[in-house]
*Asks:* 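Can you keep this structure in mind? I'll have questions shortly.
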Amino acid sequence: MLPGPPRPRPAPPQFRGRPLAGLLALLLAAVLGLGLGGCSAIGQPPHGVLLSALALQIELTQRDIASALSLEAGGGPSVSRVRVEAQEPVTIGAAPGLHLSGRFDWRLPGDPIRVDSPFELYLQRGERGQSWRLARPTGSGDGSRQDWITDPLPLRGEAAG
């Protein structure tokens, strides 16, 4: 003999006799889920851009240190596991930009140790919206404004350096 049609499950006790409350709770959960999920990625650069920007920032720091110590700069770092914890819009020069902070893993070529480090990045979108630039604050001579140095990030498929 075949089983009969499935019976509808009774509503949880807190929603019995109040079908509208259950529907509102479900709707509220859906809106919150979509809203919170959407907020984290609005305007955030793609993952590859973050990896390139962090690698470039490490390379530029390496070059500065190597130059100051009259040494040869090492190869480019390997960057992974980027976790953005905060993001805010900023003005870089006269154009809009982003200030991002969080944590990432990285290691230098030939080094078996992977380091988990905090980061702060300033990024600016290209004029046509197809590229990104790493922005580095430099201060100013008179202290009245913030000057910036910007470096283009490699486009997809280009090698950094």
*Asks:* Indicate yes or no for a side-chain donor-acceptor contact from Q124 to the backbone of I92 under 3.5 Å, with no hydrogens or angles considered.
*Replies:* yes
*Asks:* For residues P137 and Q146, report the shortest heavy-atom separation together with the two atoms involved.
*Replies:* CB-NE2, 3.1 Å
*Asks:* Closest heavy-atom contact between Q57 and E120?
*Replies:* NE2-O, 3.4 Å
*Asks:* Does W132 belong to the same Ile/Leu/Val/Met/Phe/Trp/Tyr cluster as L134, with side-chain heavy atoms less than 4.5 Å apart forming each link?
*Replies:* yes
*Asks:* Can you measure from CG (L51) to CG (L56) and round to the nearest 0.5 angstrom?
*Replies:* 12.5 Å
*Asks:* Report the distance from atom CG of L54 to atom CH2 of W106, rounding to the nearest 0.5 Å.
*Replies:* 11.0 Å
*Asks:* Between S67 and R63 (side chain of the first, backbone of the second, donor and acceptor by atom type, cut-off under 3.5 Å), is there such a pair?
*Replies:* no
*Asks:* For the OG atom of S78 and the CZ atom of R114, what is their distance to the nearest 0.5 Å?
*Replies:* 5.0 Å
*Asks:* Before you tell me yes or no, could you show the steps for D151 and R136 under salt bridge (Lys or Arg N to Asp or Glu O under 4.0 Å), namely the whole-Å CA-CA distance, both residues' side-chain angles and the distance that decides it to 0.1 Å?
*Replies:* CA-CA 8 Å; D151 297 290; R136 296 178 288 143; 2.9 Å; yes
*Asks:* Of all heavy-atom pairs between W148 and G93, which one has the smallest distance, and what is that distance?
*Replies:* CD1-N, 3.4 Å
*Asks:* Work out which heavy atom in P109 is nearest to a heavy atom in G76; give both atom names and the distance.
*Replies:* CG-O, 3.1 Å
*Asks:* State, with a plain yes or no, whether a side-chain heavy atom of V115 is found less than 4.5 Å away from one of L108.
*Replies:* no
*Asks:* Should L123 and L50 be marked as a side-chain contact (heavy atoms from CB on, under 4.5 Å) after you check the CA-CA gap, both sets of side-chain angles, and the distance that decides it?
*Replies:* CA-CA 9 Å; L123 296 175; L50 295 175; 4.0 Å; yes
*Asks:* Evaluate the criterion side-chain contact (heavy atoms from CB on, under 4.5 Å) for residue pair S101 and E88; output intermediate values, then yes/no.
*Replies:* CA-CA 9 Å; S101 59; E88 65 179 330; over 6 Å; no
*Asks:* Counting only N and O atoms by type, is there a donor-acceptor contact under 3.5 Å from the side chain of T138 to the main-chain atoms of D147?
*Replies:* yes
*Asks:* When you compare the side chain of P45 with that of R125, does any pair of heavy atoms fall below 4.5 Å?
*Replies:* no
*Asks:* Quick check on E127: does its CD atom have over 12 non-hydrogen neighbours (other residues, nucleotides or ligands) under 6.0 Å away?
*Replies:* no
*Asks:* Look at the rings of F104 and F119 and say which category their plane angle falls in: under 30° parallel, 30 to 60° tilted, over 60° perpendicular.
*Replies:* perpendicular
*Asks:* Side-chain contact, heavy-atom cut-off 4.5 Å: V90 with L98?
*Replies:* no
*Asks:* Given side chains that start at C-beta, do those of R83 and D116 come closer than 4.5 Å, heavy atoms only?
*Replies:* yes
*Asks:* Would you check if H47 and V84 make a side-chain contact, meaning some heavy-atom pair closer than 4.5 Å?
*Replies:* no
*Asks:* Under 4.5 Å between side-chain heavy atoms, counting indirect links through other Ile/Leu/Val/Met/Phe/Trp/Tyr residues: same cluster for L121 and L60 or not?
*Replies:* yes
